[in-house]
Amino acid sequence: MGCAGFTCSKHSLCVLNILYVMVSLLMIGIAAWGKCLGLVSSFQVVGGIIGVGVFLFFVALAGLIGAMKHHQVLLFFYMIVLFMVFIVQFSVSSACLAINREQQVRSTASLSPACFPNNSCSPCADKIQEHAGEVLRFVGGIGLFFSFTEILGVWLTYRYRNQKDPRANPSAFL
């Protein structure tokens with residue numbers, strides 16, 4: 001049955017969800033590693049990254065189980081959740097890529113460090129500003145790439161849901 005068949009759709013959806021599981025575990029692991037080593041001091045940032053990783057893990061697990069069992073309801077909810085995640089991620093990625101240098105600059109008058117009046121150091125905002133545009137472009141590009149894999153997952157799920165299992169009962173509806 002070639003690559004347009006039921007088996008190819010099933011395997012493609014399984015591979016995509018295994019990729020999402022690996023990305024989610026990587027997110028959880030790197031966030032926990034960064035917190036343990038003291039690289040990230042904000043508990044809210046680490047908690048947010050771990051929360052997103054856990055959410056992605058459960059969504060990918062639902063998609064993987066739905067694909068393996070050809071479960072119509074699970075695949076439908078997976079497709080809806082993945083489409084909503086696509087909309088949010090595409091919007092945020094586009095915003096990261098569209099923000100310009102003037103929009104990144106904020107008032108630094110109240111952010112001067114204690115050593116700044118003595119001219120022994122420069123304000124922290126200047127050092128952060130040097131790399132902010134580069135980081136926003138990088139994060140926006142990665143987010144845009146993964147948003148397109150999500151829309152690919154929605155399309156594969158829609159296609160797979162509407163295919164009939166060749167091993168199933170011929171008189172069965174779907």
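Since we're looking at a predicted model, the values are computed, not measured.
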Exercise answer: donor-acceptor pairs, residues 31-39 side-chain atoms, under 3.5 Å, sequence neighbours excluded:
| residue | atom | partner | partner atom | Å |
| --- | --- | --- | --- | --- |
| K35 | NZ | S41 | O | 3.3 |

>> Assess the residue pair F57 and L25 against the criterion (side chain to side chain contact (heavy atoms under 4.5 Å, CB included)); give the C-alpha distance rounded to whole Å, side-chain angles, the decisive distance to 0.1 Å, and a yes or no.
In response: CA-CA 7 Å; F57 179 78; L25 293 175; 4.2 Å; yes

Is [Y] close to [X] at the side-chain level, that is, under 4.5 Å between some pair of heavy atoms?
X	Y	value
C14	L64	yes
L136	L97	no
L19	V15	no
I151	F90	no
V59	Y20	no

> Backbone N or O of G143 within a donor-acceptor pair of the Q89 side chain at under 3.5 Å?
Replying inline: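 Answer holds: yes.
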
>> Using a 3.5 Å distance criterion without hydrogens, assess whether the side chain of Q72 forms a donor-acceptor pair with backbone atoms of R161.
In response: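 Answer holds: yes.
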
>> Apply side chain to side chain contact (heavy atoms under 4.5 Å, CB included) to residues I65 and Y78 and explain how you reach the verdict.
In response: CA-CA 10 Å; I65 293 170; Y78 168 74; over 6 Å; no

To the nearest 0.5 Å, what is the distance between [atom1] ([X]) and [atom2] ([Y])?
X	Y	atom1	atom2	answer
C8	Q163	SG	CD	9.0 Å
L75	L82	CG	CG	11.5 Å
S24	F58	OG	CZ	9.5 Å

Linked, directly or transitively: [X] and [Y] (ILVMFWY side chains, under 4.5 Å):
X	Y	answer
I49	V88	no
F148	V92	no
F43	V54	no

> Does I30 sit in a hydrophobic cluster with other residues, and if so which ones, taking ILVMFWY side chains as linked at heavy-atom separations under 4.5 Å, directly or through other members?
Replying inline: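 L26, all in the cluster of I30.
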
>> Among residues at least two apart in sequence or on other chains, which ones pass ring-ring contact (aromatic ring centres under 6.0 Å, His included) with Y160?
In response: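 Scan of Y160 (ring-ring contact (aromatic ring centres under 6.0 Å, His included), adjacent residues dropped) gives F6, H70.
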
